[in-house]
Amino acid sequence: MTLFLTESEVCELLPMESALECVEASFVAQGNDRAVNRARERILLPHASLHYLAGALPDSSYMGMKIYTVTGEGARFLVLLYDTKSGKLLCLMQADHLGRLRTGAASGIATKYLARPDASRAAIIGTGRQARTQLQAIARVRKLTGVKVFGRDQDRLRNFCREMSEELGVPVEPASSADEAVRYGEIVSTATSAQQPVLRGECAQPGAHINAIGANSANRRELDDEAVRRAFLIAVDSVEQSRKESGDLIQGLANVGKPWESVIELHSVVAGKHPGRSAADQITVFKSHGIALWDVAVGSFVYEDALRKGKGKALEID
């Protein structure tokens, strides 16, 4: 029987700590050539779009895909999980919460491996749901002493700071500008829908680590040319996907004269095959687009936990 899990059940079954463990394990598998990942494909229509990406973790006997639509009514996400031995559809789960957590977890793992060990001040540009999971993950891999946040909507900004302060037990304060937040942060995350850069590289302090998770199209950017120029190391989740979707790098690398060959995939650092940061004053960047491996890794955890706890609804799908 195929198990169907609703959004509320996935929320109940998936804590950030588990998402971090699953995503880190998927990076290790990828770095050791024990994973298969296929970059996102998109079907773009005038008033709707369909997006799909797929991956497999053969050692865990899971393969699957995420598929989602975006229309004027919003976005709808599904993850399909299959058994590599039988080919059966094991689980169909709603995946909005899953997507936010695995994206935050990936930035958490990037921060764990690329940020300075003593980094304790974080900055977030953006106040949406993705910004929340960014901060939740970062707070679990570094002991934060303070956070500065910038967002354009002042009410949302105040609410975000109040709620995250209470949740994390760390002072989370509004910044008057994106520049102020960036100058403060030893770890900086951008989680916006911006079309033009929101992070100016001249404001980044020496030794900062930057997670850039928005701007997933060639004509959008969160990082300006100076941020790309100053970065000692630029890591991505998938070079193939970045070459198609990363306006930050498609435009930025060309403008500053850096080759694509200088960009690495984060799994090489997590698996110990690339040294990563080598000095305290180096600026590092993780450009995240979101890959199917994370969905398969996190989805399989949710599926197994659902079986243990008797969650979900059985569907008769042969």
Side-chain angles (χ1 to χ4, degrees), residues 23 26-27 30 37-44 49 51-55 66 68 70 75 99-100 102-111 113-114 124-126 128 130-131 133-134 178 182 187-201 204 208-270 274 276 283-295:
V23 170
S26 77
F27 277 126
Q30 193 179 13
N37 188 73
R38 292 291 177 265
R40 176 167 34 228
E41 295 289 344
R42 304 181 190 268
I43 296 175
L44 304 177
S49 58
H51 313 252
Y52 51 99
L53 51 165
K66 177 157 74 176
Y68 60 100
V70 180
R100 294 196 303 273
R102 60 79 144 151
T103 302
S107 291
I109 299 305
T111 301
Y113 284 89
L114 296 180
I124 307 286
I125 302 176
Q130 292 278 12
T133 56
Q134 290 289 302
V182 174
I187 304 161
V188 183
S189 286
T190 56
T192 75
S193 58
Q195 295 191 22
Q196 300 299 322
V198 294
L199 187 154
R200 296 197 304 142
H209 170 68
I210 299 167
N211 299 304
I213 74 156
N216 286 337
S217 64
N219 62 353
R220 291 175 176 265
R221 300 183 67 179
E222 291 185 309
L223 311 180
D224 70 358
D225 289 346
E226 184 65 7
V228 175
R229 187 192 68 78
R230 290 187 66 196
F232 165 79
L233 183 149
I234 299 174
V236 298
D237 43 25
S238 164
V239 170
E240 178 187 4
Q241 202 157 299
S242 295
R243 280 181 173 271
K244 295 193 296 183
E245 297 185 354
S246 177
D248 287 314
L249 300 183
I250 293 168
Q251 298 178 49
L253 292 173
N255 291 345
V256 304
K258 283 187 176 181
W260 273 99
E261 289 71 21
S262 67
V263 177
I264 68 166
E265 293 187 340
L266 182 60
H267 65 73
S268 64
V269 180
V270 179
H274 187 286
I283 292 175
T284 57
V285 170
F286 174 54
K287 177 57 190 174
S288 174
H289 291 285
I291 59 174
L293 278 181
W294 307 343
D295 297 305

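By the ring pair (Phe, Tyr, Trp, His ring centres under 6.0 Å) test, F286 pairs with no residue at all, sequence neighbours left out. In this view, Y68 and H51, F77 satisfy the ring pair (Phe, Tyr, Trp, His ring centres under 6.0 Å) rule, not counting sequence neighbours. For T190, the side-chain hydrogen bond (donor to acceptor under 3.5 Å, both in side chains) partners at least two apart in sequence or on another chain are E222. Listed by chain and number, the residues in a salt bridge (charged side-chain N to carboxylate O under 4.0 Å, His left out) with D225 are R221 (sequence neighbours excluded). By the side-chain hydrogen bond (donor to acceptor under 3.5 Å, both in side chains) test, S242 pairs with no residue at all, sequence neighbours left out. A search for salt bridge (charged side-chain N to carboxylate O under 4.0 Å, His left out) contacts involving E41 returns K244, not counting sequence neighbours. Shown here are the salt bridge (charged side-chain N to carboxylate O under 4.0 Å, His left out) partners of E265, two or more places apart in sequence or in another chain: there are none. For S268, there are no side-chain hydrogen bond (donor to acceptor under 3.5 Å, both in side chains) partners at least two apart in sequence or on another chain. Annotation: side-chain hydrogen bond (donor to acceptor under 3.5 Å, both in side chains) contacts of S288 (sequence neighbours excluded): none. Applying the salt bridge (charged side-chain N to carboxylate O under 4.0 Å, His left out) rule to R100 yields the partners D96; only residues at least two apart in sequence or on another chain are considered.
Between K287 and the options N216, N211, L223, a side chain to side chain contact (heavy atoms under 4.5 Å, CB included) holds for only N216. Screening I187, I213, I125 for a side chain to side chain contact (heavy atoms under 4.5 Å, CB included) with Q134, the sole residue that qualifies is I213.
With Q251 contributing its side chain and A218 its backbone, the two residues share a donor-acceptor pair below 3.5 Å. Without hydrogens or angle criteria, R40 side chain to H289 main chain gives a donor-acceptor distance under 3.5 Å.
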Please lay out, stage by stage, how I234 and V228 fare under the test side-chain contact (heavy atoms from CB on, under 4.5 Å).
CA-CA 8 Å; I234 299 174; V228 175; 4.0 Å; yes

Please test V269 against F27 for side-chain contact (heavy atoms from CB on, under 4.5 Å), starting from the C-alpha separation and ending with a verdict.
CA-CA 9 Å; V269 180; F27 277 126; over 6 Å; no

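Residues V70 and A75 come closest through the heavy atom pair CG2-CB, 4.1 Å. The shortest heavy-atom contact between R220 and S193 is NH1-O, 2.6 Å. The heavy-atom pair separating G276 from F232 by the smallest distance is O-CE2, 4.0 Å. Residues L266 and A106 share a closest heavy-atom pair of CD2-O, 4.5 Å. The heavy-atom pair separating Q241 from S238 by the smallest distance is N-OG, 3.0 Å. Among all heavy-atom pairs drawn from G126 and A131, the shortest one is O-CB, 3.3 Å.
For the atom pair T192 OG1 and Q130 CD, the distance stands at 11.0 Å (nearest 0.5 Å). For the atom pair CZ (R243) and CD1 (I250), the distance works out to 9.5 Å, reported to the nearest 0.5 Å. Note: S49 OG to L44 CG = 6.0 Å, rounded to the nearest 0.5 Å.
Residue pairs meeting the side chain to side chain donor-acceptor pair (under 3.5 Å) criterion with at least one partner in residues 228-237, sequence neighbours excluded, are E226-R229. Among residues at least two apart or in separate chains, salt bridge (charged side-chain N to carboxylate O under 4.0 Å, His left out) pairs with a member in residues 190-200 are D179-R200, R200-E202.
Contact check for H267 versus L293: no side-chain heavy atoms found under the 4.5 Å cut-off. Under the 4.5 Å side-chain criterion, counting only non-hydrogen atoms from C-beta, N219 is not in contact with Q195. Counting heavy atoms from C-beta on, the side chains of I210 and I283 come closer than 4.5 Å. Counting heavy atoms from C-beta outward, V285 and D248 have side chains that stay 4.5 Å or more apart.
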